[in-house]
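A quick write-up on the structure given underneath.
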Amino acid sequence: MKAEKVKPLFLEAVKKLGITEECNFLFETPKNPEHGDLTTSIAMRLAKQLKKNPRQIAQEIIDQVSANASDMISKIEIAGPGFINITLSGKFYADGIRELFEKGENVGRSDFGKMQRVNVEYVSVNPTGLLHLGHGRNSCLGDTVATLYHWSGYDVTREYYFNNAGNQMQNLAKSIYARYMQLFQSDFPFPEDGYHGEYIKLIAAEIREKFDNTLKNPSVENMQIIRKYGEKWCFEKIKATLERMKIKQDVFYNEDSLYNTGKIQEILDFFKEKKLSYVKDGATWLKFSELGLQDDRVIVKSTGEPTYRLPDIAYHREKFRRGFDILIDIFGADHVATIPDVMAGVKALGYDSSKVHPVIYQFVTLTENGEQVKMSKRTGKSYTLDDLLDEVGPDVVRFFLLMRSGSTHLEFDLNLAREQSEKNPVFYLQYANARISSVIDNAKEAGIKLENDIDFSLLTHPREISLINTAMNFGQIILDATRKCEPQILADYLRLFASEFHAFYHDCRIIGVETDLQKARLALAITTKNIIKNGLTILGISTPDRM
RNA sequence: GCGCCGGUAGCUCAGUUGGAUAGAGCAUCAGCCUUCUAAGCUGAGGGCCACAGGUUCGAAUCCUGUCCGGCGUACCA
C-alpha cells in the first residue's frame with residue numbers, strides 16, 4: 001500500500017533509463033530502520049540488462065525521482081551495493097493515517113475481487129462421527145479463507161460436501177446395531193472395522209430408549225431406521241460443534257444428488273465417448289496416463305460401485321457449471337493424492353483446472369505437559385473438538401488453529417491454550433482492543449470530540465510513525481492472506497500490530513495532552529482499534545471491550 | 001521404491017517473486033506501575049538456518065545429492 005504510492009515515480013524513472021518492457025520490482029520494508037522506510041534493489045536487478053554499475057544506475061534513478069520532487073519522500077539515497085533507500089515524509093504518513101481513519105470500520109475491505117464468484121469447500125465430514133481437532137483445522141481454515149475472500153471483494157459461497165450413502169453409513173449402522181445388541185446381550189460381537197467411538201454407545205442407548213427391543217431383528221427396515229437415526233444424531237452434533245466455533249456454511253451439497261440427477265452417468269458416458277475409459281477385469285478404468293499422470297485408475301469397481309474419484313470429478317464439474325470463477329478446496333494432508341486425479345478429470349471435461357485451488361494443511365497434534373495426547377479414532381477415546389471447546393473456548397481454539405501456516409504441522413499446546421494470561425497470544429490481542437476501548441470511553445467522558453479538524457501531521461513520535469506505518473500495511477496483508485489462503489499471515493500481522501500499539505500506548509499519552517495532539521492521537525487509537533477489531537473478526541475471534 | 005509437506009534459538013514457529021547485522025512468542029535473567037486497563041513496556045543472553053556441493057555481486061530462500069520426521073502411494077473416502 002505504501003509502495004503503491006511511490007511506485008509510479010520509479011516506473012517513470014526506469015522508463016527514462018531505457019527500460020521499456022514491464023519491469024516488476026518491489027519495495028521492501030527494511031529490517032534495519034537506518035535503511036529508511038522503503039527499499040528497493042531494482043538497480044542491482046537492472047545491472048546486467050543495462051551493463052552498468054548498479055550504484056550508477058541507482059544514482060540515475062534517484063536523480064530522476066528527485067527531479068519529480070514529490071512531497072512524499074523526505075530522503076532518498078544509495079546504500080551498499082546499490083540499494084535505494086527511501087525515507088518517507090511526515091506528510092506521507094499524515095495522509096496515510098487520515099485515509100485509514102476516514103475508512104472507519106471499513107478499514108481492510110476492498111473491491112479487489114470485483115465480485116468474482118468463489119466457492120470455498122470445507123469441513124465436508126461424512127455424518128459418521130464427531131469432529132476432532134483435525135476437522136477443526138479444516139473448518140477454521142476454510143471459514144477464515146471464505147471470510148478473507150469476502151472482505152477482499154469476492155462473492156463467496158461456503159460449502160459443505162457430504163455423503164450419507166455408501167459403505168461408511170452401512171458401517172455406522174452396523175456399529176450402532178452391535179452396541180444396541182450389547183445392551184441386551186453383553187457378548188454380542190462388535191464388527192472388526194466398526195466405529196469404536198464412545199458416541200456409538202450413546203446413540204445405541206438412545207435408540208433403546210425410543211424403540212426398546214423392537215429393532216433386534218437386523219432386517220433391512222430396522223437397519224435403515226438405525227442408520228437414519230445415527231446419521232441425524234451425528235449431523236446434529238457436527239452442526240452444533242460448528243456453531244460453537246462460529247463456523248457458517250451456505251450450501252450442504254449431498255453426493256447422492258450427483259447420482260439421482262444422472263450427473264455421474266453423464267461423466268461416464270463422456271469419458272467413454274472420448275475413449276478415455278476402458279473396461280478391464282470387470283472394472284472401468286480412466287486413462288489418467290493419457291491425462292498427464294502416471295497410472296490409470298479405477299473409477300467404477302467391478303461390483304458396479306464407483307470409487308471416490310468419479311463423484312469427486314463430477315462434483316467439481318458441477319461447481320464449474322454453477323458458475324464459480326474460483327474453486328477452493330480445503331484438504332488434509334491425507335487427501336493430497338486425490339487432487340491430481342480431480343484436476344486431470346476436470347481438465348479432460350474441458351474446464352480450466354487452474355481455477356481449482358487446493359489448500360492443503362498438515363496434521364495437528366495435541367500436546368499436554370510436553371507429551372502428545374492421543375486422538376485416535378479407533379481406540380474410541382478420542383479427544384473431540386467439543387472437549388477442547390469446553391476447556392479453552394472458541395476464541396483460543398480458532399486462534400491456535402489459525403496461527404500456523406497450513407504447510408507445517410501444528411502443535412496444539414493445551415497448557416498454553418488453557419493459560420488465561422499474557423502468555424496466551426489471543427489475550428494479548430484482545431487486551432489491546434479492550435485497552436483502546438477504555439481510552440475511547442474515557443475520551444468520551446472527557447468530552448473530547450473529533451470533527452474534521454484533525455491535524456495528523458502532529459503525529460511525529462517514533463512510536464506513532466511506526467504504528468501508522470504498520471497500519472498502512474493492513475490492506476495489503478488482507479490481500480496477501482486472501483491470495484495465498486493463509487490466515488496465518490493476518491494472525492502474525494495482528495500480533496506485530498498490537499505490540500506496536502502497546503508500545504505507543506506506553507510512550508505516548510493520549511488523554512490529557514495538548515488539545516490538537518490529543519485529537520490526533522485519539523484518531524490514531526480509533527483507527528488502531530478498527531484494524532485490530534476487523535482483523536480478529538476475520539479470524540472469527542471475539543473482541544470484548546472489557547477484560 | 002515413488003510423490004507431497006516439513007527440518008531455522010532450549011520449546012513452538014515467522015522469515016515478503018534471492019538482499020544489508022537471522023526474527024517473534026514462550027522459557028531464562030535484569031529493569032519499569034501516585035498518571036488513559038502491568039493480560040502492558042524496556043533490555044540481556046541464546047543460532048554451523050539438518051548436512052554436502054552448485055548457481056551469483058549476494059542464498060535460510062533457487063538447483064543437485066544425502067540424512068531425519070510426517071502423510072500418501074487401493075477395485076477404502
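Proteins get letters first, then strands, A, B, ... in listed order; numbering begins at 1 in each.
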Once hydrogens and angles are ignored, does a donor-acceptor distance under 3.5 Å link the base of [N] to the side chain of [X]?
{"X": "Asp295(A)", "N": "A74(B)", "value": "no"}
{"X": "Tyr308(A)", "N": "A77(B)", "value": "yes"}
{"X": "Thr338(A)", "N": "A77(B)", "value": "no"}

* To do: Give a yes or no on this: more than 12 heavy atoms of other residues, nucleotides or ligands lie within 6.0 Å of atom NZ of Lys347(A).
  => no
* Asked: Within a radius of less than 6.0 Å around NZ of Lys75(A), do more than 12 heavy atoms belonging to other residues, nucleotides or ligands occur?
  ->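 Atom NZ in Lys75(A) is not packed in, count stays at 12 or less.
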Answer yes or no: does a side-chain N or O of [X] lie under 4.0 Å from OP1 or OP2 of [N]?
{"X": "Ser438(A)", "N": "U37(B)", "answer": "yes"}
{"X": "Ser302(A)", "N": "C75(B)", "answer": "no"}
{"X": "Tyr505(A)", "N": "A39(B)", "answer": "no"}

* Nucleotide-resolved protein contact map, nucleotides 24-33 of chain B, B/S/- at heavy-atom distance under 4.0 Å -> -SSS------
Could you state the atom-to-atom distance from [atom1] of [X] to [atom2] of [N] in whole Å?
{"X": "Asp281(A)", "N": "A74(B)", "atom1": "CG", "atom2": "C1'", "value": "14 Å"}
{"X": "Arg521(A)", "N": "C36(B)", "atom1": "CZ", "atom2": "P", "value": "15 Å"}
{"X": "Leu46(A)", "N": "U17(B)", "atom1": "CG", "atom2": "P", "value": "17 Å"}
{"X": "Leu133(A)", "N": "G70(B)", "atom1": "CG", "atom2": "C1'", "value": "16 Å"}
{"X": "Phe427(A)", "N": "A39(B)", "atom1": "CZ", "atom2": "C1'", "value": "9 Å"}
{"X": "Ile489(A)", "N": "U17(B)", "atom1": "CD1", "atom2": "P", "value": "12 Å"}
{"X": "Ile436(A)", "N": "G40(B)", "atom1": "CD1", "atom2": "P", "value": "14 Å"}
{"X": "Gln488(A)", "N": "U12(B)", "atom1": "CD", "atom2": "P", "value": "17 Å"}

What contact category does [X] fall into here, base, sugar-phosphate, or nothing, at under 4.0 angstrom with non-hydrogen atoms?
{"X": "Thr284(A)", "result": "nothing"}
{"X": "Phe83(A)", "result": "base"}
{"X": "His35(A)", "result": "base"}
{"X": "Arg297(A)", "result": "sugar-phosphate"}
{"X": "Met403(A)", "result": "nothing"}
{"X": "Thr39(A)", "result": "base"}
{"X": "Arg463(A)", "result": "sugar-phosphate"}

Out of [options], whichever nucleotide has its closest atom nearest the side chain of [X]:
{"X": "Ala283(A)", "options": "C75(B), C41(B), A77(B)", "value": "C75(B)"}
{"X": "Ile510(A)", "options": "U37(B), C36(B), C41(B)", "value": "C36(B)"}
{"X": "Ala337(A)", "options": "G72(B), G19(B), C75(B)", "value": "G72(B)"}
{"X": "Asn442(A)", "options": "U37(B), G70(B), G19(B)", "value": "U37(B)"}
{"X": "Gln362(A)", "options": "A77(B), U16(B), G70(B)", "value": "G70(B)"}
{"X": "Lys301(A)", "options": "C5(B), A77(B), A20(B)", "value": "A77(B)"}

* Going through the checks in order, is the ring pair (Phe, Tyr, Trp, His ring centres under 6.0 Å) test met by Phe497(A) and Phe474(A)? -> CA-CA 9 Å; Phe497(A) 187 58; Phe474(A) 184 55; 7.5 Å; no
* Taking Tyr161(A) as the fixed residue, which of Tyr315(A), Phe331(A), Tyr122(A) is the one that meets the ring pair (Phe, Tyr, Trp, His ring centres under 6.0 Å) rule? ->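 That would be Tyr315(A); it is the only one of Tyr315(A), Phe331(A), Tyr122(A) passing the ring pair (Phe, Tyr, Trp, His ring centres under 6.0 Å) with Tyr161(A).
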What distance, rounded to whole Å, do you find between the two [atom1] atoms, one in [N] and one in [M]?
{"N": "C48(B)", "M": "A22(B)", "atom1": "C1'", "value": "13 Å"}
{"N": "C62(B)", "M": "A14(B)", "atom1": "P", "value": "15 Å"}
{"N": "C76(B)", "M": "U16(B)", "atom1": "C1'", "value": "41 Å"}
{"N": "C26(B)", "M": "G19(B)", "atom1": "P", "value": "28 Å"}
{"N": "C71(B)", "M": "G53(B)", "atom1": "P", "value": "32 Å"}
{"N": "A50(B)", "M": "A60(B)", "atom1": "P", "value": "10 Å"}
{"N": "C67(B)", "M": "C51(B)", "atom1": "C1'", "value": "7 Å"}
{"N": "G18(B)", "M": "C63(B)", "atom1": "C1'", "value": "13 Å"}

* His409(A) on top of G6(B)'s base, within under 5.5 Å and under 30°? -> no
* For Phe363(A) and G70(B), are the ring centres under 5.5 Å apart with planes inclined under 30°? -> no
* Counterpart residues, side-chain contact (heavy atoms from CB on, under 4.5 Å), relative to Arg463(A) (two or more places apart) -> His461(A), Ala503(A), Phe504(A), Asp507(A), Cys508(A)
* Return one dot-bracket line describing RNA chain B 5' to 3' (Watson-Crick or G-U wobble pairs, both distances under 3.5 Å; ( ) same strand, [ ] crossing, | another strand, . none). => (((((((..((((.....[...)))).(((((.......))))).....(((((..]....))))))))))))....
* Asked: Between the side chain of Asn85(A) and the main-chain N/O of Glu77(A), is any donor-acceptor distance below 3.5 Å?
  ->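 Side chain of Asn85(A) to backbone of Glu77(A), a donor-acceptor pair under 3.5 Å: no, none is there.
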* Pairs satisfying salt bridge (Lys or Arg N to Asp or Glu O under 4.0 Å), at least one member in residues 512-529 of chain A, at least two apart -> Asp453(A)-Lys519(A), Glu464(A)-Arg521(A), Lys529(A)-Asp545(A)
* **Any pair counted as salt bridge (Lys or Arg N to Asp or Glu O under 4.0 Å), so long as it reaches residues 472-499 of chain A, sequence neighbours left out** =>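 As it turns out, the salt bridge (Lys or Arg N to Asp or Glu O under 4.0 Å) pairs with a partner in residues 472-499 of chain A, which skip direct neighbours, are Asp480(A)-Arg483(A).
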* Would you say the ring centroid of Phe427(A) lies under 6.0 angstrom from that of Tyr431(A)? -> no
* Nearest 0.5 Å, what's the CD1-NE2 distance between Ile339(A) and His357(A)? -> 12.5 Å
* **Side-chain heavy atoms of Phe412(A) within contact of Leu133(A), under 4.5 Å** =>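 Yes, their side chains come closer than 4.5 Å.
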If the threshold is 4.0 Å, N to carboxylate O, is there a salt bridge linking [X] and [Y]?
{"X": "Arg317(A)", "Y": "Asp312(A)", "result": "no"}
{"X": "Glu411(A)", "Y": "Arg404(A)", "result": "no"}
{"X": "Lys319(A)", "Y": "Glu159(A)", "result": "no"}

* Closer to the 5' end of RNA chain B via nearest nucleotide, is it Ile360(A) or Lys484(A)? ->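 It is Ile360(A) whose nearest nucleotide is closer to the 5' end.
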* Relative to the 5' end of RNA chain B, which residue comes earlier, Met44(A) or Thr303(A), by the nucleotide with the nearest heavy atom? -> Met44(A)
* Enumerate the residues from residues 328-336 of chain A whose closest heavy atom to RNA chain B is under 4.0 Å, giving them by residue number; use none for an empty result. =>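 The answer is Ala333(A), Asp334(A), His335(A).
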